[in-house]
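Computed from a predicted model, the values in this text were never measured in an experiment. All heavy atoms count here, side chains included; hydrogens, waters and symmetry mates do not. Each chain gets a letter, A, B and so on, in the order the sequences are listed, and its residues count up from 1.
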Amino acid sequence: MSTPRHVYLVDGSGFIFRAFHGLPMMTRADGTPVNAVYGFTTMMMKLLNETDADHVAVIFDAARKTFRSDIYPAYKANRPPAPEELVPQFPLIREATRAFNVPAVEQEGFEADDLIATYATQAVALGARVTIVSSDKDLMQLVGDGVEMMDPLKGRAIAAEQVVEKFGVPPDKVVDVQSLCGDSTDNVPGVPGIGIKTAAQLITEYGDLDTLLARAAEIKQPKRRETLMTNADMARVSRELVRLKRDVPVVEPLESFAKRQPAPELLAEFVREQGFKSLSARLGGGGATMPKIPAPKSATSALPPTAAMAPAAAPDKIEYELVTSVASLDAWVAEATRAGIVAIDTETTGLDALRAELVGVSLSTAPGRACYIPVKHSPAEAQGSLLLSDPGAPESPKILPRDVVLEKLRPLCADPSVLKVGHNIKYDLHILNRAGLEVAPIDDTMLLSYVLDGASHGHGMDELAQRHLGHSTIKFADVCGSGKAQITFDRVPLDKALAYAAEDADITLRLHALLKGRLLAEHMVTVYETLERPLATIVAAMEREGIKVDSPALLALSEEFGARMAELEKDIHALAGHEFNVASPAQLGKVLFEEMALPGGKKTKTGQWATGADALEELALQGHALPARLLDWRQLAKLKSTYADALVAQINPDTRRVHTSYSLAVTTTGRLSSSDPNLQNIPIRTEEGRKIRAAFVPEPGNVLLSADYSQIELRLVAHVAGIEGLKQAFRDGADIHAITASQVFGVPIEGMDPSLRRRAKAINFGVIYGISAFGLAQQLGISNGEAKTFIDAYFARFPEIRDYMERAKQEARDNGFVTTLFGRKVYVPDINAKGPLRAFGERAAINGPIQGGAADIIKRAMIRLPGEIAAAGSKARMLLQVHDELVFEVPEAEIADTTALVKRVMEGAAQLDVPLVVEVGTGASWDAAH
DNA sequence: GAGGTCACG
DNA sequence: GACGTACGTGACCTCG
């Protein structure tokens, strides 16, 4: 009998209920419902196939009556009886468990949760890891300390982080929170009026339930104080109900869960009896002829594979070294050079890569082997913690001087034969570049993950470590705290800093091995190598350039807008007959639709009065003064706070310019996004707004040059969908919307009614978005029927578009994603949903290759441009990207050459059946360059 | 922290 | 016949 190293405890009862409600109904030939049995069987097959567990058991509830009913008779008393179709499935699932040759465990008087808690506690005491296969929130109190949960239907790990997401507190405080907020499904009373949010806040503040109840009198909010004081006993009873029993006198010993040999005949027979044909084929058939197994749940089938249920083998040992001597640093550099690959991560004083200071660098050269090289830790803490942790240690280490470390790292970072792997390496590039180091070549695990799995999940390192390695990383908040009490990394004691920073490099290297390996198999090499990887360096350079804003002009605008807002506010209050907060949609709705009783008020989906621009415009059109004033006020408020004020505040004091941050791995379609500040939504559509844009200016002696793709998305539609009529129109180089109008409505272009062109333009946009009669009607202010007539006319004239839309939807349904011309995957998670979500999915599937293809094309141009500019001996610099536009700062003497160069490179970024056309303008401001 | 609103492509 | 819709983002404000 071996000691357990990894124990899987499957919450059988919990799984039954979730599978029953989550899976479509299916019945055996004899009419017995078996949907939960089917879900359970496929889950177990997958689990046993993929897990490295050496002990496995499925735990069930035995009976309804448990010790909890004695404490509180109402416990679980309002549970409805199990649905009729579920009842016969209970014994079948126990039978299935035996067919897998896995112990099915239950014990009279105890809930499955208590048995799980007990076995988990025993296993941890023996030094084993435990994975609880369940998504039941009542089990979350067990997470941590070697215990993890796994949501079997979503294939997602539930670690401390997910528990915090759910309860707002770490696992060890979950019981306290549940005691306060109660649970209506189980009839756990809790304290009335306190939900999870409040409970988490109280527990976080007071530490635990007992302290909170003891000090309840101190609570400021009078109502909350009173309920807590009167219901203290209810909270204590609730605690007894929710706290799991970890010392059940179990009958089945943990050792008996040791994984047994599978019994294929047994399983095959069971599966055949239930009529699971696909599973029978899978068990009987060879690999090549094996039919596709339908996944139990459509929503998850669209998601990419995950290793979460089968954590990759962790390294045998973890060796993290704190580097404080030149000799040791030399050894690490030599080791990395020999290895030809090194994961690198920088720790800094902040999130803003252009202001944060370098605190330390971590390197990893092999799984489990990493170091941390501090260069700026405040001496007091640095010594204190080491002395505390080991009073007998020799002299506290002296940190190597920053310059020494940088000089030692310089050749490694620049060595063309050593691959530097980072996670979101753009950040580290900024830090190291600012320290004077060049870094090449690079790989980025965040971008690898994005290319492989799209936006189907996040790409943060913590999430990837959990998902792919089954590893819970040390969280930044664990070492630095959070909120007001957060400290900067240079104040973290060195031992903690080592554990955190070295782990990051270690995980990065391990993720790299895993993800890079998937690239080829999943046909994503080209997208990664030709688009995303080279872009990281390019975008870093753009961010670092920043752009100059005319702050006196913005300050003046802020004043002007503020003054006009004050005037408008006075008018609005007078019109309303009293003062109110004009920025509050709730108060405004009341004024308009209740006090003034204006007609046509609609509610939003949450029951508030809708006061959006379209609603106010409608009212203004009827001659009401207040809505008209309010529209003006809103426009000014937006311009003032989001642009005039925020931009000035974002000026970097060192460079006197604003530096946006582009995210390379967030959008579903492959576009970039921009934040802090967002420079991709600077106003342009109104005259007032353009005053903001006019405050983006070049340095003296330069101009701003703006180059934008003309109609790139519609050109992609023409190309991708193979629409001959549209292609020809583009080749002819004429006004595309006018031509569309002419062809759809059958009128000559000469002397065309402008409203026809406007309608054609809206239809063209609609096509890009996955047209619907409703959407088009909304956009044009016409009836659904009329819109449908237009669409039919369009389809009749350009029939290929219909085929394209069907193809896109089918591709999405089959694969869970659509692809762009350049092979990027755009995931469409809701495409197989049942309700209205599917319609969204379908439109997203249609739009994906278009928006994503355009994103690919401009990325190709961006990657080529800086090199071409440099090769031309030009001093022009690429500053901004706004989806179909690039903005450059160009010396006046180079305007003509740069215009030609940019146009040539952008137009040549892809070869389509239609020409790509780029329009270039220059001027003394971004506004003037258009 | 969610919802409403609005800036952009 | 009803439902509830244009695709993709990020920032600011209010309010419970």
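- Heavy atoms of A/Leu672 sit nowhere under 4.0 angstrom from any nucleic acid atom.
- Note on A/Asp708: nothing from the nucleic acid sits closer than 4.0 angstrom, heavy atoms only.
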Go along nucleotides 4-9 of chain B 5' to 3' and tag each nucleotide: B for a protein heavy atom under 4.0 Å from its base, S when only backbone or sugar atoms are that close, - otherwise. SSBBBB
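- At a threshold of 4.0 angstrom between heavy atoms, the contacts of A/Gln587 are confined to the sugar-phosphate backbone, with no base atom among them.
- With sequence neighbours left out, the side-chain contact (heavy atoms from CB on, under 4.5 Å) criterion links A/Ala613 to A/Glu617, A/Leu631.
- Note on A/Ala844: only backbone sugar-phosphate atoms sit closer than 4.0 angstrom, heavy atoms only; bases stay farther off.
- With no hydrogens or angles considered, a side-chain donor-acceptor pair links A/Asn764 and A/Thr740 at under 3.5 Å.
- Here A/Ala762 lies in heavy-atom contact (under 4.0 Å) with a base.
- Between A/Ser706 and A/Glu885, the side chains place a donor N or O and an acceptor N or O closer than 3.5 Å (distance only, hydrogens not considered).
- Counting non-hydrogen atoms under 4.0 angstrom, A/Thr642 reaches the backbone sugars and phosphates but no base.
- Nucleotides B/dG4 and C/dA6 are separated by 13 Å at their P atoms, to the nearest Å.
- Side chains of A/Arg813 and A/Gln810: a donor on one and an acceptor on the other come within 3.5 Å.
- With pairs defined as Watson-Crick or G-U wobble and both atom distances under 3.5 Å, the stems of at least three pairs that touch DNA chain C come out as B:1-9 with C:7-15.
- No donor-acceptor contact under 3.5 angstrom links the side chains of A/His930 and A/Glu919, judged on distance only.
- Residues A/Ser584 and A/Ala455 each lie close to DNA chain C; by heavy-atom proximity, the contact nearer the 5' end of the strand is made by A/Ala455.
- Between chain A and DNA chain C, the heavy-atom contact criterion of under 4.0 Å yields a 5' to 3' nucleotide range of C/dT5 to C/dC15.
- In this structure, A/Ala646 reaches the sugar-phosphate backbone alone: every heavy-atom distance under 4.0 Å involves primed, P, OP1 or OP2 atoms, never a base.
- Checked against a 6.0 Å centroid threshold, the rings of A/Phe798 and A/Tyr794 count as neighbours.
- If you take atom P in C/dT5 and the same atom in B/dG3, they sit 14 Å apart, rounded to whole Å.
- A distance of about 25 Å separates the C1' atoms of B/dC8 and C/dG4, rounded to the whole Å.
- With hydrogens and angles left out, the side-chain atoms of A/Thr669 and A/Gln851 include a donor and acceptor closer than 3.5 Å.
- For A/Ala637, the side-chain contact (heavy atoms from CB on, under 4.5 Å) partners are A/Met565, A/Trp633, not counting sequence neighbours.
- No donor-acceptor distance shorter than 3.5 angstrom exists from the side chain of A/Arg838 to the backbone of A/Ile831, with no hydrogens or angles considered.
- No hydrogens or angles considered: nothing links the side chains of A/Glu543 and A/Thr660 as a donor-acceptor pair under 3.5 Å.
- Taking A/Ala707 as the reference, A/Leu705, A/Val902, A/Met906, A/Val918, A/Val920 meet the side-chain contact (heavy atoms from CB on, under 4.5 Å) condition, with sequence neighbours excluded.
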